[in-house]
Amino acid sequence: MKDFKIYNTLSGNKEVFKPIKFDSVKMYVCGPTVYGEPHLGHARPAITFDILFRYLKHLGYKVRYVRNITDVGHLLNDADEGGDKIGEKAKSLQLEPMEVAHFYTKKYHDAMSKLNVDSPSIEPTASGHIIEQIDMINKIINNGFAYEVNGSVYFDVVKYNQTNNYGVLSGRNIEDLMDNTRELDGQSDKKNQVDFALWKKASPEHIMRWSSPWGDGFPGWHLECSTMSCKYLGDEFDIHGGGMDLIFPHHEAEIAQCCAANKKSAAKYWMHNNMITIGGQKMGKSLGNFITLDEFFNGSHNKLKQAYHPMVIRFFLLQAHYRSTIDFSNDALQAAEKGLVRLFNALKTLNNLNPKQHSTIDISDFELKCDQAMNDDLNTPIVLSYLFDLVKIINSVNEGKQDLSIDDINKIKALTHKYVINIFGLSNITQETNSDSIDGLMKLILEIRNTSKINKNWETADKIRNTLNELGIQIKDTKDGATWNYKN
RNA sequence: GGUCGGAUGGCCGAGUGGCUAGGCAGUGGUCUGCAAAACCAUCUACACCGGUUCGAAUCCGGUUCCGACCUCCA
């Protein structure tokens, strides 16, 4: 437990993880804005931090994991007007904004559930914490780090930076930011371009709005995470996670808000997953190449050659380290699918191995090696490589080329269950039959085929094999007779 | 333009100053009436140019290319 290292964006180094309270961990991860179909980009942080959540629990910590739902329509463009995503969607569909948010929240939950992402401990919504956000704004104003103009409230970054470091996380310095920030393309109420909104006055046509001491409006787009993490995890908590694209400005602003309000910088460890690409290209709304999770699951996108089981996507993501970019392509996904099937076939084989008196192969250090890989900043691809070494061993034993004792078989069972099922959250994608009548039918058909084979009636035997194949059922002739399974 | 990261074999993707990552594909084999499946074995590598070192894919410098953020995004 003491050797668990994670990469902290704050320091730029791997650090030994030490929770603030010895036996419990408090973590916060930025969740989705629910205005559109959940897509591949949502899967990466969800799965990365699901693995972390599971691993921390496995290490024996009590974990409180908070992941928000952003259901407040923040401005598309912080500079001035521009619509908000949820509001725009609601207008175009002629729906109440909360109908839009609810619809996509449900879709997100469905997709996460298919990916076997565990539900976090708390999943708060931004709209449910308007009062808390207003309170936090007041704190920041009272501490002198925010100002009100025309019904909007802005964070005074320049003033904040005199006593704090705006840029601790992202490594930016304020002078560069001042130089680089674009010319205002409209009149802005902000004192400086680097300032960001804590509260925005709602224009008459803005449909998502709440009343506040500064008039009708809506909270700024960095505030909810600061507010909700403080509310449920305290002013100081252990881990804050999210995608790398959020480092600046979102997480930088969160730190500033928390310091300005509470004089404490919120999280001790900041963890960021890298992005995904599709065919080597960044996936993004603006590029129009994003593929929704549903499209992956049913193969309906024109860039996909087939449907991919959610577990294939999960497995595929685990084959890369979370801080590397990962490229999605049909070739890579098909490779992952085969690898996943092979892994689970071996686990099935493992249950039927004949133990011998002594093992001819030493498996004693596999668990240690797996643990070490996980402790090294969640190196899931290395763990998988060890698991595939075990696959090879299991198959060799099954072939009679190696022996394993009952003790060692049980050790392997425990180890694979711990990693494959509990920590990685994978499951078998091969369809198992669940119908007695199908089982009986197949048994009959295979018997008839076997009789044909004995009688050297190849025509009938092959017809059975080929027809079943066309129906999606694969016959496998083995030494011990024929078996069958559904093709994926 | 500023800040940061990357370039690994046919594809994906780890890693590291000397010791085979792994998956998929390919090739060879086992099995089979034939095939498929399954299993076993195995080939292809570290962008380019210099430097440090007994030794570099791994460290340092330079070059080229790619990407991320700076603007909504996971």
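Letters go in sequence order (proteins before strands), and every chain restarts at 1. Below, each value reflects all heavy atoms present in this structure, side chains not excepted, and no hydrogens, waters or symmetry copies.
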Inset, instruction - Before giving the answer on side-chain contact (heavy atoms from CB on, under 4.5 Å), spell out for A:Lys413 and A:Ile409 the whole-Å C-alpha distance, their side-chain angles and the decisive distance to 0.1 Å. - result: CA-CA 6 Å; A:Lys413 279 184 188 168; A:Ile409 289 175; 3.9 Å; yes
Inset, instruction - For residues 379-404 of chain A, pull every pair meeting side-chain hydrogen bond (donor to acceptor under 3.5 Å, both in side chains), keeping only residues two or more places apart or in separate chains. - result: A:Thr360-A:Gln402
Inset, instruction - Report yes or no: is the cationic atom of A:Arg172 (NZ for Lys, CZ for Arg) closer than 6.0 Å to the six-membered ring centre of A:Phe248, at no more than 45° off its axis? - result: yes
Inset, instruction - Mind calculating the distance between NZ (A:Lys107) and C1' (B:rA74) to the nearest angstrom? - result: 18 Å
Inset, instruction - Grab the CD-C1' distance between A:Gln372 and B:rG15 for me, whole Å please. - result: 14 Å
Inset, instruction - Decide yes or no, distance alone: a donor-acceptor N/O pair under 3.5 angstrom between the base of B:rG33 and the side-chain of A:Asp462. - result: yes
Inset, instruction - Evaluate the ring planes of A:Phe155 and A:Phe196, with Trp represented by its six-membered ring, and classify them as parallel (under 30°), tilted (30 to 60°) or perpendicular (over 60°). - result: parallel
Legend entry - B:rC60 to B:rU53 separation - C1' atoms, rounded to the nearest Å: 12 Å
Legend entry - Side-chain donor/acceptor of A:Asn274 to base of B:rA68, under 3.5 Å: no
Inset, instruction - Could you tell me whether A:Lys456 contacts a base, only the sugar-phosphate backbone, or nothing, with contacts defined as non-hydrogen atoms closer than 4.0 Å? - result: nothing
Inset, instruction - Considering just the side-chain nitrogens and oxygens of A:Arg342, establish if one lies under 4.0 Å of OP1 or OP2 belonging to B:rC39. - result: yes
Legend entry - Under-3.5 Å donor-acceptor pair between A:Arg465 side chain and B:rC34 base: yes
Legend entry - Whichever of A:Lys453 and A:Pro381 has its nearest RNA chain B nucleotide further upstream toward 5': A:Pro381
Inset, instruction - Name the nucleic acid region contacted by A:Asp389, choosing base, sugar-phosphate or nothing; use a 4.0 angstrom heavy-atom cut-off, strictly under. - result: sugar-phosphate
Inset, instruction - Compare the ring of A:Tyr386 with the six-membered ring in the base of B:rG22 and state whether they stack (centres under 5.5 Å, planes under 30°). - result: no
Inset, instruction - Round to a whole Å and report the spacing from CD1 of A:Ile382 to C1' of B:rG13. - result: 10 Å
Inset, instruction - Indicate, with yes or no, if the rings of A:His301 and A:Phe296 have centres closer together than 6.0 Å. - result: no
Inset, instruction - Find the distance A:Asn466:CG to B:rA35:P and express it as a whole number of Å. - result: 14 Å
Inset, instruction - Counting Watson-Crick and G-U wobble pairs only, both distances under 3.5 Å, name the nucleotide matched with B:rU52, or none. - result: none
Inset, instruction - Could you pick out which residue, A:Lys392 or A:Gly171, lies toward the 5' side of RNA chain B when each is mapped onto its nearest nucleotide? - result: A:Gly171
Inset, instruction - Compare side-chain N and O positions of A:Asn398 against OP1 and OP2 of B:rC39 and report whether any pair is under 4.0 Å apart. - result: no
Inset, instruction - Report yes if a side-chain nitrogen or oxygen of A:Asn379 is closer than 4.0 Å to either non-bridging phosphate oxygen (OP1 or OP2) of B:rA14; otherwise report no. - result: no
Inset, instruction - Verify whether the ring centers belonging to A:His309 and A:Phe297 lie closer than 6.0 Å. - result: no
Inset, instruction - Write down the distance between CZ (A:Phe328) and P (B:rG23), rounded to a whole number of angstrom. - result: 20 Å
Legend entry - Any A:Ser170 side-chain N or O less than 4.0 Å from OP1/OP2 of B:rC69: no
Inset, instruction - Could you state the atom-to-atom distance from CD1 of A:Ile276 to C1' of B:rG6 in whole Å? - result: 17 Å
Inset, instruction - Return no unless some side-chain N or O of A:Lys338 is found under 4.0 Å from OP1 or OP2 of B:rA25. - result: yes
